[in-house]
Amino acid sequence: MASQTVLVEREAGIATVTLNRPDKMNSLDDELLSALAPALEELAVDTSVRCVVLTGAGEKAFSAGGDIGAMSGGGMFAGKTAGRNEPWETAAMNLRRAMEASAWLHEMGKPTLAAINGATAGAALSLALACDLRIAADHAVFTTAFAKIGYSGDFGGAWYLTKIVGTARARELYFLSDRIDAQEAARLGIVNWVAPREKFRAEAQAIAQRLAAGPPLALRYMKRNLNLALTLHERELLDLEAEAMIRTGATEDFRNAAAAFLAKKTPTFEGR
């Protein structure tokens, strides 16, 4: 269930998930991270939701990543019971549970869009990379950040970034932790679009609306194929593509869309 640090709004098939700690640059603390994965899991199985948008509150930051104050004090995922510290494995298990947020964004059977409204660092960058698509405001800046504070990185960022920009550039961005602007992020393929600050929310909403209006069953199989293309052999993917084409071709959505195409009308997809 979402907390006050993770706000979930549903409207017209779009679920907007907002990281809501603007006074702390939407940094990720225990409370927020404990709420985020369950909120995304709920949206993944909600058939009324056709697109999920992940964003940050305000205009300054999407998220600064992990809450350094909480981490430096040993509070993040520390695993304390009855006044004693638990083994480090307990903290690792708690962190791994929170990291399911990345898996839900990447694997749920509907499109996910990161609407990056400002500075993005560390684990928050990983969460954005886990989404299918990304739009950034033109004042946004990006950094992996982990090397600057002696951390190795989490939330799948190493995997997602390597797939997006290639291994050499991903290593550069991780090892050196340089900060890049929105235009450079677009050039590297880290974001799909850059929008002016004053138009950013409207443009992100327009993309979400287009995704939500699409054929949900076809998009589910399409996303599955694209995800599996990262790891499967070509011939295995050909088999799955053939099965998915026959499956989607048997839906009402396909029949109605084919009729609309022939009649030069815009189709409406019902997800069946």
Whether over 12 other heavy atoms sit under 6.0 Å from Glu11 CD: no
Non-hydrogen atoms of Lys148 and Thr143 that approach each other most closely: NZ-OG1, 4.5 Å
hydrophobic_cluster_shared for Ile68 and Phe155, side chain cutoff 4.5 Å: yes
Side-chain ion pair, Asp154 and Arg96, N-O less than 4.0 Å: no
pair Asp138-Pro196: side-chain heavy atoms closer than 4.5 Å: yes
Expected output: side-chain Arg255 to main-chain Ala250 donor-acceptor under 3.5 Å: yes
Ring geometry between His106 and Tyr160 (parallel below 30°, tilted from 30 to 60°, perpendicular above 60°): tilted
Trace of the side chain to side chain contact (heavy atoms under 4.5 Å, CB included) decision for Leu161 with Leu125: CA-CA 9 Å; Leu161 193 60; Leu125 176 57; 5.6 Å; no
Ile180 with Phe146, same ILVMFWY side-chain cluster at under 4.5 Å: yes
Lys199 NZ: over 12 foreign heavy atoms closer than 6.0 Å: no
Distance in Å, Leu54 CG paired with Leu127 CG, rounded so as to fall on 0.5 Å steps: 6.5 Å
N/O donor-acceptor pair under 3.5 Å between Ser177 side chain and Phe175 backbone: no
Nearest heavy-atom neighbours spanning Ala119 and Met25: CB-CE, 4.1 Å
Leu43 side chain near Arg10 side chain, heavy-atom distance below 4.5 Å: yes
Cluster link Leu133 to Phe200, ILVMFWY, side chain under 4.5 Å: yes
Flag side-chain contact, heavy atom, 4.5 Å: Phe62 against Asn26: no
Side-chain H-bond candidate by donor/acceptor type, Asn227 with Arg224, under 3.5 Å: no
Side-chain H-bond candidate by donor/acceptor type, Arg171 with Thr167, under 3.5 Å: yes
Side chain to side chain contact (heavy atoms under 4.5 Å, CB included) assessment of Val52 paired with Val17: CA-CA 7 Å; Val52 174; Val17 180; 4.1 Å; yes
Neighbour count >12 (heavy atoms, 6.0 Å) for atom CG, Leu230: yes
Glu107 and Lys223, any side-chain heavy atoms less than 4.5 Å apart: no
Residues Lys110, Val49; criterion side chain to side chain contact (heavy atoms under 4.5 Å, CB included); working and verdict: CA-CA 8 Å; Lys110 57 196 70 177; Val49 173; 4.0 Å; yes
Atom pair OG1/OH of Thr162 and Tyr174 - distance to nearest 0.5 Å: 8.0 Å
From Ser126 atom OG to Leu105 atom CG, the distance as rounded to the nearest 0.5 Å: 11.0 Å
Glu203 and Arg197 ion-paired at < 4.0 Å: no
Donor-acceptor side-chain pairing of Thr55 and Arg201 below 3.5 angstrom: yes
Spatial distance of atom CD (Gln4) from atom CD (Glu31) [nearest 0.5 Å]: 8.5 Å
Side chain proximity check, Thr112 to Cys51, heavy atoms < 4.5 angstrom: no
Shortest non-hydrogen separation from Val53 to Ile14 and the atoms involved: CG2-CG2, 3.9 Å
Shortest non-hydrogen contact between Ala57 and Asn117, atoms and distance: O-ND2, 3.8 Å
Residues Asn20 and Thr5: side-chain donor-acceptor under 3.5 angstrom: no
Glu9 atom CD, over 12 foreign heavy atoms within 6.0 Å: no
Heavy-atom side-chain proximity of Thr18 to Thr16 below 4.5 angstrom: yes
Same apolar cluster: Met108 and Phe269, side chain cutoff 4.5 Å: no
Spatial distance of atom CZ (Arg220) from atom CZ (Arg247) [nearest 0.5 Å]: 10.5 Å
Side chain to side chain contact (heavy atoms under 4.5 Å, CB included), paired with Leu33, selected from Asn94, Asp67, Leu28: Leu28
Leu36 reachable from Trp104 in the ILVMFWY side-chain graph, under 4.5 Å edges: yes
Pair Arg272 + Asp253, salt bridge at N-O below 4.0 Å: no
Heavy-atom side-chain contact between Val191 and Phe142 under 4.5 Å: yes
Over all atoms of both residues, closest heavy-atom pair of Leu129 and Ile164: CD2-CD1, 3.7 Å
Spacing of Asp132 atom CG and Leu226 atom CG [to the nearest 0.5 Å]: 8.5 Å
Test log, rule side chain to side chain contact (heavy atoms under 4.5 Å, CB included), inputs Ile190 and Glu184: CA-CA 9 Å; Ile190 292 173; Glu184 177 67 2; over 6 Å; no
Flag side-chain contact, heavy atom, 4.5 Å: Thr251 against Asn256: no
Other residues, nucleotides, ligands: >12 heavy atoms within 6.0 Å of Met245 CE: no
Shortest non-hydrogen separation from His233 to Arg235 and the atoms involved: ND1-N, 3.0 Å
NZ/Lys24: more than 12 non-hydrogen atoms of other groups inside 6.0 Å: no
